[in-house]
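Comments concern the structure below.
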Amino acid sequence: MVKRVFSGVQPSGSLTIGNYLGALRNFTKLQHEAECLFCVVDLHALTVPQDPKELYQRTLDVARIFVACGIDPKLATVFIQSHVPAHAEMSWLLECSSYVGELRRMTQYKEKSSKQEVVTAGLFTYPVLMAADILLYQTDEVPVGEDQKQHLELARDIAIRVNNRFDEEIFKVPEPYIPPKIAGGRIMNLQDPTEKMSKSAENPRGNIAILDPPDAIQQKIRSAVTDSGREIYYDEENKAAISNLMVIYSLCSDQSLEEIQERYAGSGYGQFKKDLAEVVVETLRPIQERFEELSRPGVIEAILAQGRKKAEPLALATLERFQDRLGLLPLLRS
Ligand code: AQP
């Protein structure tokens, strides 16, 4: 049996190299060994205020970035969450099997709600929608960055709870696939290495966006904060800033942290940053070129229509089974 993989990305900002190294790069590897569904989770983005025109454009752009990064629509299913209404419907059903206490414990909710003037109910229940996304597809494995670990544990808890209640496997219990920090699981902000790089961050100077032009990348890396001392070596605790830059360098150049350390022994931060900028520009260049090609009218729309057609029957099969077990009357589809 080929395993099934599901993951989603919110169109809540311009995707960063953190999203690429922590998630998208792994998507492209997994598509060769598993049945993959990759989703632009636009409903999640609505949990905080969005400008409708920007959301529309970003949703298309995230789908283009998926494909530009190497997701092949012939191998993997690429689609938009709101195009499969079963996600919202399943979310409601699962909310009725989730507890306020467990949602209150979500650290991302605490962080994000503290930054909002008003906190929507959607931001609070967002992890249940994420559980619905995953469980609808009887997912075996979910490739995500480290920040999503707690949400995945919740999805597992909900699946186990429902299965136990009905004494039957209604939902496959998904496994996380989280790369360790040195493999990109948690890329940090260039201006504050104690904070995760986030696409919706207020100050874009701490982010490298996948679509940033070369001069912006060079500028951001030049002004990235560094640690005291001039030595370049990996030490997450005492040299958090340089360690983060080394991880980006290592993943973009396929060189180990040891090789990088040896190469820059005694040379100081200047040359290291200059070379890092070059390595990042060259990693993103082919992605940016493919993104341009995918921006021709109709190209991504056709991929998304095909993706929806493949995803929807899978989602409906799970939804209808769960509705039936809950005692809801079947919908007679004509
Ligand atoms: N800094 C990061 N390092 C490694 N992986 C990361 N991911 C996000 N940031 C990093 C992973 O990217 C995927 C997309 O995540 P999402 O769209 O669901 O939102 P998120 O996890 O909340 O990511 P952001 O970039 O921080 O978005 P905003 O700013 O909107 O909250 C996930 O697999 C995530 O783990």
Side-chain angles (χ1 to χ4, degrees), residues 5-30 36-51 54-55 58-59 61-63 65-66 69 71 80-81 87 106-116 120 122-123 126-127 129-134 139 141-155 174 176-204 206-211 236 240 243-245 247-248 250-252:
V5 163
F6 176 95
S7 199
V9 175
Q10 300 184 57
S12 46
S14 195
L15 295 204
T16 70
I17 199 161
N19 299 127
Y20 175 63
L21 298 175
L24 295 173
R25 219 170 63 115
N26 295 323
F27 297 179
T28 64
K29 290 181 191 151
L30 284 163
C36 291
L37 294 118
F38 298 123
C39 185
V40 185
V41 285
D42 53 348
L43 298 176
H44 286 284
L46 296 176
T47 54
V48 295
Q50 299 289 344
D51 175 87
E54 276 179 27
L55 178 65
R58 276 202 240 107
T59 302
D61 285 351
V62 172
I65 288 178
F66 276 7
C69 284
I71 294 172
I80 306 283
Q81 184 187 32
H87 287 248
M106 295 295 121
T107 50
Q108 197 183 69
Y109 170 71
K110 290 184 205 162
E111 277 165 28
K112 285 198 173 177
S113 58
S114 68
K115 291 179 192 153
Q116 298 299 319
T120 65
L123 188 62
Y126 149 97
L129 178 57
M130 178 167 158
D133 300 338
I134 297 164
T139 302
E141 203 170 274
V142 188
V144 282
E146 202 190 84
D147 61 321
Q148 293 296 336
K149 191 169 175 217
Q150 199 185 23
H151 293 158
L152 254 166
E153 274 159 16
L154 179 78
Y177 175 95
I178 300 175
K181 203 165 175 186
I182 57 162
R186 193 169 172 83
I187 299 295
M188 309 308 280
N189 185 301
L190 299 188
Q191 291 298 318
D192 178 1
T194 64
E195 286 271 326
K196 175 184 89 104
M197 192 182 281
S198 261
K199 62 177 127 56
S200 64
E202 262 173 39
N203 180 358
N207 286 357
I208 297 172
I210 294 176
L211 298 180
E236 247 177 61
S243 297
N244 184 43
L245 297 180
V247 169
I248 299 173
S250 163
L251 296 172
C252 289

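Remember, predicted model here, so these are calculated numbers, not experimental data. We're numbering straight along the sequence, starting at 1. Remember, it's 1-based here, ligands and their atoms both numbered in the order they're listed.
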Legend entry - Heavy-atom gap G184 to ligand 1 smaller than 4.0 Å: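 Under 4.0 Å: yes for G184.
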
Inset, instruction - Answer yes or no for T16: is there a heavy-atom contact with ligand 1 below 4.0 Å? - result: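 Flag not set, T16 not near ligand 1.
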
Minimum-distance protein heavy atom relative to [atom]:
atom: atom 27 (O) of ligand 1; result: K199 NZ, 2.8 Å
atom: atom 21 (O) of ligand 1; result: D147 OD2, 2.5 Å
atom: atom 28 (P) of ligand 1; result: S200 OG, 3.3 Å
atom: atom 15 (O) of ligand 1; result: N19 ND2, 4.1 Å
atom: atom 1 (N) of ligand 1; result: I187 O, 2.7 Å
atom: atom 30 (O) of ligand 1; result: S12 OG, 2.5 Å

Inset, instruction - Would you please test V144 and I178 for side chain to side chain contact (heavy atoms under 4.5 Å, CB included) and show each step? - result: CA-CA 6 Å; V144 282; I178 300 175; 3.9 Å; yes

Inset, instruction - Test K196 against E146 for side chain to side chain contact (heavy atoms under 4.5 Å, CB included), laying out the working first. - result: CA-CA 10 Å; K196 175 184 89 104; E146 202 190 84; over 6 Å; no

Inset, instruction - State whether the number of non-hydrogen atoms from other residues, nucleotides or ligands found under 6.0 Å of K181 atom NZ is greater than 12. - result: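 Yes, NZ of K181 has more than 12 neighbouring heavy atoms, counting only those of other groups under 6.0 Å.
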
Inset, instruction - For I182, look at atom CD1 and say whether over 12 heavy atoms of other residues, nucleotides or ligands are found less than 6.0 Å away. - result: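 No, because the 6.0 Å sphere around CD1 of I182 holds 12 heavy atoms or fewer from other groups.
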
Inset, instruction - Please round to the nearest 0.5 Å and tell me the distance separating atom CD1 of I248 and atom CE of M197. - result: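 Nearest 0.5 Å value for the CD1-CE distance: 5.0 Å.
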
Legend entry - Distance in Å, K110 NZ paired with Q108 CD, rounded so as to fall on 0.5 Å steps: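 Going from NZ on K110 over to CD on Q108, the span is 12.5 Å.
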
Legend entry - Contact summary for G22 and P179, nearest pair of heavy atoms: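 Between these two residues, the closest heavy atoms are O-CG, 3.8 Å.
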
Inset, instruction - Indicate the atoms forming the closest heavy-atom contact of S12 with K199, along with that distance. - result: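 That closest heavy-atom pairing would be OG-NZ, 3.1 Å.
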
Part of [X] with heavy atoms under 4.0 Å of ligand 1, whether side chain, backbone, both or neither:
X: R186; value: backbone
X: Q108; value: side chain
X: M188; value: neither

Inset, instruction - Kindly identify the option in G18, S7, G8 whose heavy atom sits closest to atom 5 (N) of ligand 1. - result: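 That would be G18.
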
Inset, instruction - Could you pull out, from K196, K112, E146, Q10, the option with a heavy atom nearest to atom 23 (O) of ligand 1? - result: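 Of the listed residues, K196 has the closest heavy atom.
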
Any atoms of ligand 1 less than 4.0 Å from a non-hydrogen atom of [X]? List them with their elements.
X: A23; result: 12 (O), 13 (C), 33 (O)
X: G22; result: 4 (C), 5 (N)
X: S198; result: 24 (P), 25 (O), 26 (O), 29 (O)
X: G185; result: 3 (N), 4 (C), 5 (N)
X: V144; result: 33 (O), 35 (O)

Legend entry - Test item: S198 and N189 side chains (from C-beta on) under 4.5 Å apart, heavy atoms: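 Result no, sub-4.5 Å side-chain heavy-atom pair not found.
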
Legend entry - Polar proximity ligand 1 side, V9 side, N/O cut 3.5 Å exclusive: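 So ligand 1 has no N or O lying under 3.5 Å from an N or O of V9.
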
Inset, instruction - List the steps, then state whether side chain to side chain contact (heavy atoms under 4.5 Å, CB included) holds for I17 with C252. - result: CA-CA 10 Å; I17 199 161; C252 289; 4.0 Å; yes

Inset, instruction - Any chance you could lay out the side chain to side chain contact (heavy atoms under 4.5 Å, CB included) test for Q148 and V142, step after step, and finish with the verdict? - result: CA-CA 10 Å; Q148 293 296 336; V142 188; over 6 Å; no

Inset, instruction - On the 0 to 90° scale, with breaks at 30° and 60°, tag the H87-F6 ring pair as parallel, tilted or perpendicular. - result: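 It falls in the tilted class, 30° to 60°.
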
